[in-house]
Amino acid sequence: VPNLDLSGCTDPYASNYDPDATVDDGSCSGYPDNGNHALSFDGVDDYVDLGSALLSTSDGSQAYTFECWVKTTYSGASTKAIIGQSTTGTDRFKLVVSSGNFVYWKGGAHLATSSNDFNDDVWHHLAAVKSYSGDVTLYIDGQQEATGTDNNAFEDGNTMIGKAHRVFDGKIDEIRIWDHARDQTSIQTNMNLDLSGEEGLIGYWKFDAGEGQILYDHSGNANHGNINGAIFVENNPTIATIAVEPDSMYQYLLVGEQA
């Protein structure tokens with residue numbers, strides 16, 4: 001019996017979508033981009049549903065790196081989720097702002113809390129790294145802020161942006177989830193870059209569609225999100241662009257600055 005599988009892009013949202021393809025080959029690209037935008041969340045009921053659990057619910061040793069740009073003035077003690085994965089159980093996970101600090105929250109506890117706050121109505125880059133050994137490290141603007149430990153798997157439930165029990169109040173931009181622990185140098189090198197051709201991304205949401213109710217995933221994995229209430233707002237950073245030539249290690253940069 002001949003093999004009738006045809007590789008190609010199976011994501012209808014991509015510009016290179018192939019309706020005849022039966023096996024996705026990871027080549028999907030060309031999602032709507034209308035300039036630099038972010039999403040504004042009202043702190044009441046706005047969120048983005050990514051449609052499934054993107055973080056392992058069975059392997060507590062799985063490593064991850066979470067990155068995002070955030071702008072907020074929230075100073076309350078209640079946790080306001082930037083990204084999370086949970087239902088209503090006690091093991092729910094979220095990266096939050098609480099009392100102005102950046103917090104890795106899981107299982108009802110603050111497992112790591114930044115020593116400095118970031119609720120000054122200025123854009124800040126946040127990163128949380130969970131290693132295979134369970135070490136958790138938090139960074140603000142590329143500088144290490146806190147450490148902790150997390151050896152547990154994640155609770156089942158859809159991964160959300162701006163919500164995990166409580167919702168975010170402020171603006172969010174440029175979220176990345178990686179399937180490995182990235183070191184401080186990698187975080188500092190890439191946090192101002194617009195990535196292309198990078199391996200290890202579970203999801204990469206640029207927030208630049210500027211309209212509509214879909215938050216497009218640029219990782220090639222089609223982990224698109226449904227926007228509920230949050231609205232696009234113009235953002236003014238000129239982020240450098242990095243691209244990887246196919247089958248080579250050549251890279252080129254167009255350098256800008258983060259507003």
Side-chain angles (χ1 to χ4, degrees), residues 35-41 48 63-75 79-84 94-105 112-131 135-148 159 161-162 164 168-196 198 200-208 215 217-219 225 230 232-242 253-259:
N36 293 312
H37 290 81
L39 277 178
S40 180
F41 298 78
V48 178
Y64 294 102
T65 299
F66 306 88
E67 296 184 73
C68 60
W69 284 92
V70 171
K71 182 178 182 180
T72 186
T73 59
Y74 178 72
S75 60
T79 57
K80 293 288 190 177
I82 301 165
I83 189 167
K94 51 189 174 181
L95 298 177
V96 306
V97 53
S98 178
S99 299
N101 299 112
F102 182 32
V103 179
Y104 185 106
W105 192 100
T113 302
S114 68
S115 55
N116 292 300
D117 57 38
F118 66 97
N119 61 336
D120 55 0
D121 202 27
V122 173
W123 282 105
H124 292 282
H125 181 270
L126 308 180
V129 180
K130 176 186 178 296
S131 73
D135 295 325
V136 172
T137 309
L138 300 184
Y139 300 89
I140 297 179
D141 298 327
Q143 301 304 309
Q144 182 173 317
E145 283 284 329
T147 59
T159 307
I161 295 172
F168 186 70
D169 186 356
K171 297 179 177 66
I172 301 175
D173 196 6
E174 194 84 8
I175 290 184
R176 307 164 184 173
I177 302 178
W178 304 81
D179 65 2
H180 57 276
R182 294 172 67 79
D183 60 26
Q184 185 174 17
T185 299
S186 297
I187 290 170
Q188 291 174 336
T189 300
N190 292 317
M191 68 185 195
N192 287 308
L193 303 181
D194 188 357
L195 305 179
S196 175
E198 294 287 320
L201 281 167
I202 296 172
Y204 178 25
W205 300 272
K206 294 185 178 182
F207 289 69
D208 287 339
L215 187 66
D217 172 22
H218 294 253
S219 71
F232 282 106
V233 293
E234 290 189 2
N235 197 5
N236 296 314
T238 303
I239 300 176
T241 299
I242 182 170
L253 295 174
L254 300 175
V255 180
E257 61 179 291
Q258 173 73 41

| Side-chain donor or acceptor of W69 paired with backbone N/O of N192 under 3.5 Å | no
| At what distance, to the nearest 0.5 angstrom, does CD of E198 lie from CH2 of W178? | 4.5 Å
| message | In the structure I gave you, are the side-chain heavy atoms of F232 and L39 within less than 4.5 Å of one another anywhere? | response | yes
| remark: Rounding to 0.5 Å, atoms CG (N235) and NE2 (H37) come to a distance of 9.0 Å
| message | Between E67 (side chain only) and A127 (backbone N and O only), is there a donor and an acceptor less than 3.5 Å apart? | response | no
| remark: Closest heavy-atom pair, G84 versus A164, reported as atoms and distance to 0.1 Å, is CA-CB, 3.9 Å
| query | Under 3.5 Å, side chain of N101 to main-chain N/O of N116, donor-acceptor pair present? | reply | yes
| task | Give a yes or no on whether the backbone of Y204 and the side-chain of D217 come within a donor-acceptor separation of less than 3.5 Å. | result | yes
| note | Taken to the nearest 0.5 Å, the spacing of I175 CD1 from I83 CD1 works out to 4.5 Å
| remark: Of L95, V129, T113, V96, the one forming a side-chain contact (heavy atoms from CB on, under 4.5 Å) with Y104 is L95
| request: Would you check if the side chain of E174 reaches a backbone N or O of F207 as a donor-acceptor pair within less than 3.5 Å? | output: no
| field | No-hydrogen, no-angle side-chain donor-acceptor test under 3.5 Å, D183 and S186 | value | yes
| said: Testing the basics here: between C68 and V70, what is the closest heavy-atom pair and its distance to 0.1 Å? | reply: SG-CG2, 3.7 Å
| message | Is it the case that the side chain of S40 and the backbone of V233 share a donor-acceptor pair, with hydrogens and angles ignored and the cut-off at 3.5 Å? | response | no
| said: Determine whether a donor-acceptor pair (N or O, by modelled atom type, separation under 3.5 Å) exists between the side chain of S114 and the backbone of F102. | reply: yes
| message | Once rounded to the nearest 0.5 Å, what's the spacing between atom CG of D194 and atom NZ of K206? | response | 3.5 Å
| So, T79 side chain and S98 main chain: donor-acceptor pair closer than 3.5 Å or not? | no
| request: Mind listing the closest non-hydrogen atom pair of G142 and M191 along with its distance? | output: N-SD, 3.9 Å
| Would you say the side-chain atoms of D141 pair up with the backbone N or O of H125, donor to acceptor, closer than 3.5 Å? | yes
| field | Atom of Q188, atom of Q143 and distance for their closest heavy-atom approach | value | NE2-NE2, 3.5 Å
| request: Identify the heavy atoms of A128 and L138 that sit nearest to each other, and give their distance. | output: CB-CD2, 3.6 Å
| To the nearest 0.5 Å, what is the distance between OG1 (T73) and NZ (K171)? | 8.5 Å
| note | Between the NZ atom in K71 and the CG atom in D120, the distance rounded to the nearest 0.5 Å is 9.5 Å
| request: Start with the C-alpha gap between I82 and F168, add the side-chain angles, then the distance that decides, and say whether side-chain contact (heavy atoms from CB on, under 4.5 Å) holds. | output: CA-CA 6 Å; I82 301 165; F168 186 70; 3.8 Å; yes
| message | For W123 versus A38, what's the shortest heavy-atom pair and its separation? | response | CH2-CB, 3.7 Å
| said: With heavy-atom distances below 4.5 Å as the criterion, would you say the side chains of N190 and R176 are in contact? | reply: yes
| Going by heavy atoms in the side chains, are W205 and I177 under 4.5 Å from each other? | yes
| Just by modelled atom types, is the H180 backbone N or O under 3.5 Å from a matching donor or acceptor in the T65 side chain? | yes
